[in-house]
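Remarks on the structure that follows.
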Amino acid sequence: MLTGMPISIALGLTVLTFLFTLTSVPIESVALKLFTGIEKFEIMAIPFFILAGNFLTHGGVARRMIAFASSMVGHWYGGLGLAGVMACALFAAVSGSSPATVVAIGSIILPAMQKQGFPPRFGAGVVATSGALGILIPPSIVMVMYAVATAGQVVTGPEGERVTSASVGQLFMAGVIPGLMLATLLGLTTFYRAWKFDYPRMPKVSWAERWTSFREAIWGLLLIAIVIGGIYSGAFTPTEAAAMSAVYAFVIAVFVYKDMRLRDVPRVLLASANTSAMLLYIITNAVLFSFLMTHENIPQAMAAWIVDTGVGWIGFLLFVNILLLLAGNVMEPSSIVLIMAPILFPVAVKLGIDPIHFGILIVVNMEVGMCHPPVGLNLYVASSITRMGITELTIAVWPWLLTMLGFLVAVTYVPAISLWLPRALGMM
């Protein structure tokens, strides 16, 4: 990786070199593992959510969500900034991707904020950090990655009970309350800074205008109800929900809002296929890495060693947070989850940490990693929209980044934040 080689290839070559030189694993089984590794039904959700996000980004859904959010909170301090946070939260609930959320909301709201007289740094800070909600508020591609990375692992818990990995549906429900909490905290940070520096406010609009903007945005907002309601009610699995959302987003963009022409569809399909292929290639090589780890009993040995050292769950989770934040400096979220989750998951279970709580903790760490340099994906996306350098953007995001770090501590040590809703819905 230090030579600039893509992470997927670095992973694959490392594993193959190890298998050829230090083990007696037949090479046929490696080829089989590469194929069966991405033959999981859950992985199908990833290309569909990417496709749905691309249709929504190009199809005018974001613009209508911003108009609705502005009508609701635009008259408060930092009105457009607050509308940006709210619009990011709404768009996150239909896209499943942070960079997609930053592009969709940022490209519309940032020019509007500059026109109103907001400092460019303020707008960039709001959108780059609120866009990270894309992977915490369900549906979330990173949650699917975590479920895939830990799938099939059955570990003995501290009381001798057998604990299996979390399902995608459980993780989606567990992300709802943390997602809403973080959106509220980012909104409060935005409001406080706007109040402190007396940033512009929009004129208050009537309830009739709010109703009109809500009616305009209703088709995009309905997708939230379809995905979450469908998964909770058992009408369809998360993968089927992803396929549903892709078809629904296509119909909305092309036939309802008509912001996208049929001749634009092949371009969106191609862009989605490119992104999906890149992620699936990382998954393939990460599955090989996970197979090697399991074959050499590395996670189990690590779990036994950490339990023997007497480090409790509190110390272990602190170590995990530091490790993941450091990894966020050099890798993007999908790679971190696919590499780290299979190693850390057995240790967490051995120490009595719930797999769902652990999954949400990893996702929040990934959110923070997306907003700080040098590899913060959201910073690069925001940089391409705002034409600001990464250094300037880093300075711009720090108030919101501190809020996210505070929230990370709360999620780490208060499991109920993640676990209350899935328990209340009878999903665990």
Side-chain angles (χ1 to χ4, degrees), residues 37-38 40-46 49 96 135-159 161-182 227-228 230-234 236-242 283 286-287 290 293-294 299-300 303 313 316-317 320-321 324 333-334 336-367 408 411-428:
I38 56 166
K40 296 187 177 80
F41 184 60
E42 296 87 359
I43 291 178
M44 281 300 296
I46 295 169
F49 279 133
I135 59 169
L136 182 57
I137 296 177
S140 159
I141 291 170
V142 174
M143 287 181 192
V144 177
M145 296 274 195
Y146 172 78
V148 168
T150 57
Q153 292 210 35
V154 181
V155 188
T156 308
E159 255 118 76
E161 75 282 23
R162 286 166 73 72
V163 182
T164 55
S165 54
S167 73
V168 177
Q170 289 172 320
L171 288 164
F172 278 9
M173 288 304 156
V176 172
I177 287 178
L180 294 175
M181 274 180 71
L182 183 55
V227 172
I228 302 300
I231 294 170
Y232 167 59
S233 65
F236 35 71
T237 65
T239 307
E240 289 161 354
I283 292 171
V287 163
S290 180
M293 288 284 162
T294 314
Q300 289 75 7
W313 69 277
F316 172 70
L317 288 182
V320 167
N321 280 336
L324 292 175
S334 48
I336 299 173
V337 172
L338 291 164
I339 295 168
M340 299 289 189
I343 302 171
L344 297 171
F345 176 79
V347 187
V349 171
K350 271 261 190 288
L351 292 169
I353 298 160
D354 191 281
I356 299 171
H357 169 218
F358 194 61
I360 299 299
L361 177 149
I362 288 180
V363 171
V364 176
N365 268 294
M366 297 305 98
E367 282 194 294
L408 174 60
V411 161
T412 302
Y413 293 114
V414 186
I417 294 173
S418 312
L419 301 178
W420 180 82
L421 188 62
R423 275 193 186 132
L425 296 174
M427 295 180 81
M428 54 182 291

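Being a predicted model, the structure only gives us computed values, none of them experimental. All residue numbers refer to positions in the sequence shown, counting from 1.
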Could you walk me through whether L317 and L351 pass the side chain to side chain contact (heavy atoms under 4.5 Å, CB included) check?
CA-CA 10 Å; L317 288 182; L351 292 169; over 6 Å; no
For a side chain to side chain contact (heavy atoms under 4.5 Å, CB included) check, start with the C-alpha distance between I231 and E240, then their side-chain angles and the critical distance, and finish with the verdict.
CA-CA 9 Å; I231 294 170; E240 289 161 354; over 6 Å; no
Could you walk me through whether M340 and I362 pass the side chain to side chain contact (heavy atoms under 4.5 Å, CB included) test, one step at a time?
CA-CA 9 Å; M340 299 289 189; I362 288 180; over 6 Å; no
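In terms of heavy-atom proximity, A45 sits nearest to P238 at CB-O, 4.4 Å. Looking at every heavy atom in both residues, P355 comes nearest to Y146 through O-OH, 2.8 Å. Minimum interatomic distance between I135 and V363 (heavy atoms only, all atoms of both residues): O-CG1, 3.1 Å. Contact between Q170 and M427 at its shortest, heavy atoms only, is NE2-O, 2.8 Å. Nearest approach of M366 to P333, heavy atoms of both residues: SD-CA, 3.7 Å. In terms of heavy-atom proximity, I356 sits nearest to A174 at CG2-CB, 3.3 Å.
Distance OG1/T150 to CG/L338: 10.0 Å, rounded to 0.5 Å. Considering CG of N365 and CG of L408, their distance stands at 4.5 Å, rounded to 0.5 Å. In this structure, the separation between CG on L182 and CD1 on I177 is 13.5 Å, given to the nearest 0.5 Å. Atom CD1 of I46 sits about 8.5 Å away from atom OG of S334, to the nearest 0.5 Å. Taking OG of S418 as the start and CG of L361 as the end, the distance is 8.0 Å to the nearest 0.5 Å. Interatomic distance, OH of Y232 versus CE of M173, reported as 8.0 Å (0.5 Å rounding).
In this structure, H357 contributes its side chain and T412 its backbone to a donor-acceptor pair below 3.5 Å. In terms of modelled atom types and a separation under 3.5 Å, the side chain of S140 and the main chain of I137 share no donor-acceptor contact. Here the side chain of S165 pairs no donor or acceptor atom with the backbone of A147 at under 3.5 angstrom.
Taking the six-membered ring where the residue is Trp, F358 and F316 present parallel rings, their angle staying beneath 30° rather than reaching 60°.
Put simply, the residue from V337, V168, L171 that forms a side-chain contact (heavy atoms from CB on, under 4.5 Å) with V144 is V168.
No side-chain heavy atom of P138 sits less than 4.5 Å from a side-chain heavy atom of V227. Taking 4.5 Å as the limit, some side-chain heavy atom of I360 sits within range of a side-chain heavy atom of V411.
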